[in-house]
Protein chains: 2
Amino acid sequence: MGTSKLELFTKEQNEIAAIAKALSHPARIAIIQSLLKKNSCVCGDLVEETGLAQSTTSQHLKELKNAGIIQGSVDGVNVCYCIDVKTWTKYSNLFAKFFEAATHVKSQCC
Amino acid sequence: MGTSKLELFTKEQNEIAAIAKALSHPARIAIIQSLLKKNSCVCGDLVEETGLAQSTTSQHLKELKNAGIIQGSVDGVNVCYCIDVKTWTKYSNLFAKFFEAATHVKSQCC
DNA sequence: TTACTTAATCGTAATATTGCGATATGTTTT
DNA sequence: AAAACATATCGCAATATTACGATTAAGTAA
């Protein structure tokens, strides 16, 4: 136990949940917002941005990378991260679709 | 440790992360989708929908309720759940705004 | 080569999440 | 009142997440 029973749900449900999971920590939201604003894309700057330890920030970056949201490329001693626009757009559409389903709900049933 | 350092982040960042957390389990996505489709709104039916134990489903419902996404009202022996449309719309807009920020990003920086 | 810098990974501790069975609570029905 | 039903809560076990310091790896500069 302690593990989610993923096999009970549809591919889409698991996908939406997985993306939401990647977005479920404020540090990761902060990182994404920072990258979208393009104030910087260097890992060291993101460490300052989050206010967390370097190792912790690195862990969050890894999760965002695994989710396909960001990508990093080595630039000398630094690593430059950026939003993977293609994936981001895909996720954006998926969430928009998911949320929009409620526009047809006129009234509360209870 | 093990606790997120919420005080390091903005109210908005924490809010987005909190909503995402509520959406970060496929069972909860399944519940929401079911309620949006209005196939049913009775707790017992949602237990079947998820395929999880009654107590586990009840726990997921509680989390969605805590996040303000759904509301339940007692109807005799049953409890009828439904989407809180007002909150849902609010969250929908918040996420749309969050995702849209990337439409201005023309190219990858790295 | 050695020293320095940056970032990833490892090891570990604290806490949170997921899931279930058992039990409690509250509402109908008999 | 007693039995039946639906749902919430409790207690527990397994696993996941968050965070940090220490270490490793790899590039750059002296």
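- For A:I31 and D:dT18, the CD1 to C1' distance is 13 Å, given to the nearest whole Å.
- The outermost nucleotides of DNA chain C lying under 4.0 Å from heavy atoms of chain B, listed 5' to 3', are C:dA14 to C:dT28.
- Nearest heavy atom pair, residue A:Y81 against residue A:G72, reads CD2-CA, 3.6 Å.
- Take the nearest nucleotide of DNA chain C for A:G44 and for B:R28: the residue whose nucleotide is more 5' is A:G44.
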Exercise for review: Go through the steps for B:K37 and B:E49 under the test salt bridge (Lys or Arg N to Asp or Glu O under 4.0 Å), then give the verdict.
Suggested key: CA-CA 12 Å; B:K37 272 192 234 149; B:E49 193 87 32; 5.8 Å; no

Anything under 3.5 Å between a protein N or O and an N or O of nucleotides 28-30 of chain D, put it in a table, one pair a line.
none

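- Of the residues in residues 2-13 of chain B, those with a non-hydrogen atom less than 4.0 angstrom from any atom of DNA chain D are B:G2, B:T3, B:S4, B:K5.
- Evaluation of the salt bridge (Lys or Arg N to Asp or Glu O under 4.0 Å) rule for A:E48 yields no partner, not counting sequence neighbours.
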Practice item. Evaluate the side-chain contact (heavy atoms from CB on, under 4.5 Å) criterion for residues B:T10 and A:I29: first the C-alpha distance (whole Å), next the side-chain angles of each, then the deciding distance (0.1 Å), finally the verdict. Key: CA-CA 10 Å; B:T10 69; A:I29 300 296; over 6 Å; no

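- Here the shortest heavy-atom pairing between B:F99 and A:S92 reads CB-OG, 3.3 Å.
- Residues satisfying the side-chain contact (heavy atoms from CB on, under 4.5 Å) test with B:N78, not counting sequence neighbours, are B:V42.
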In residues 50-57 of chain A, what donor-acceptor pairs under 3.5 Å come from side-chain atoms, sequence neighbours left out?
residue: A:T50; atom: OG1; partner: A:L46; partner atom: O; Å: 3.4
residue: A:T50; atom: OG1; partner: A:V47; partner atom: O; Å: 3.0
residue: A:T50; atom: OG1; partner: A:L52; partner atom: N; Å: 3.2
residue: A:T50; atom: OG1; partner: A:T57; partner atom: OG1; Å: 3.0
residue: A:T57; atom: OG1; partner: A:A53; partner atom: O; Å: 3.1

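- Proximity of B:N78 to the phosphate of D:dT7: a side-chain N or O atom is located under 4.0 Å from OP1 or OP2.
- A salt bridge (Lys or Arg N to Asp or Glu O under 4.0 Å) check over residues 62-72 of chain A, counting only residues at least two apart or in different chains, returns the pairs A:R28-A:E63.
- Checked against B:I70 for a side-chain contact (heavy atoms from CB on, under 4.5 Å), the options B:L64, B:D84, B:T87 give a single hit: B:L64.
- In this structure, A:F9 and B:H25 have perpendicular ring planes: the angle between them is above 60°, well past the 30° mark.
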Study note, to complete from the structure: Secondary structure of DNA chain C per the Watson-Crick/G-U criterion (both distances under 3.5 Å; [ ] crossing, | other strand, . unpaired) is ||||||||||||||||||||||||||||||

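- At a threshold of 4.0 angstrom between heavy atoms, the contacts of A:V42 are confined to the sugar-phosphate backbone, with no base atom among them.
- Within the hydrophobic cluster formed by Ile, Leu, Val, Met, Phe, Trp and Tyr side chains joined at under 4.5 Å, directly or through other members, A:V77 stands alone, with no partner residue.
- Partners of B:F98 according to the ring-ring contact (aromatic ring centres under 6.0 Å, His included) rule, which considers only residues two or more places apart in sequence or in another chain, are A:W88.
- The phosphate of D:dA6 has neither OP1 nor OP2 within less than 4.0 Å of any side-chain N or O from B:Y81.
- Of the residues in residues 50-70 of chain B, those placing a heavy atom less than 4.0 Å from an atom of DNA chain D are B:Q54, B:S55, B:S58, B:K62, in numerical order.
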Point to revise | Trace of the side-chain contact (heavy atoms from CB on, under 4.5 Å) decision for B:I16 with A:L23 | key: CA-CA 8 Å; B:I16 294 175; A:L23 301 176; 5.6 Å; no

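- Protein atom NE2 of A:H25 is 13 Å distant from nucleotide atom C1' of D:dA16, rounded to whole Å.
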Practice item. Please assess A:C80 against A:C41 for the test disulfide bond (SG atoms under 2.5 Å apart), listing each intermediate value before the final yes or no. Key: CA-CA 5 Å; A:C80 173; A:C41 67; 2.3 Å; yes

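- For B:A22, the side-chain contact (heavy atoms from CB on, under 4.5 Å) partners two or more places apart in sequence, or in a different chain, are B:A67, B:I69.
- Following chains of ILVMFWY side-chain contacts shorter than 4.5 Å, one can reach B:I83 starting from B:V74, so the two form part of one hydrophobic cluster.
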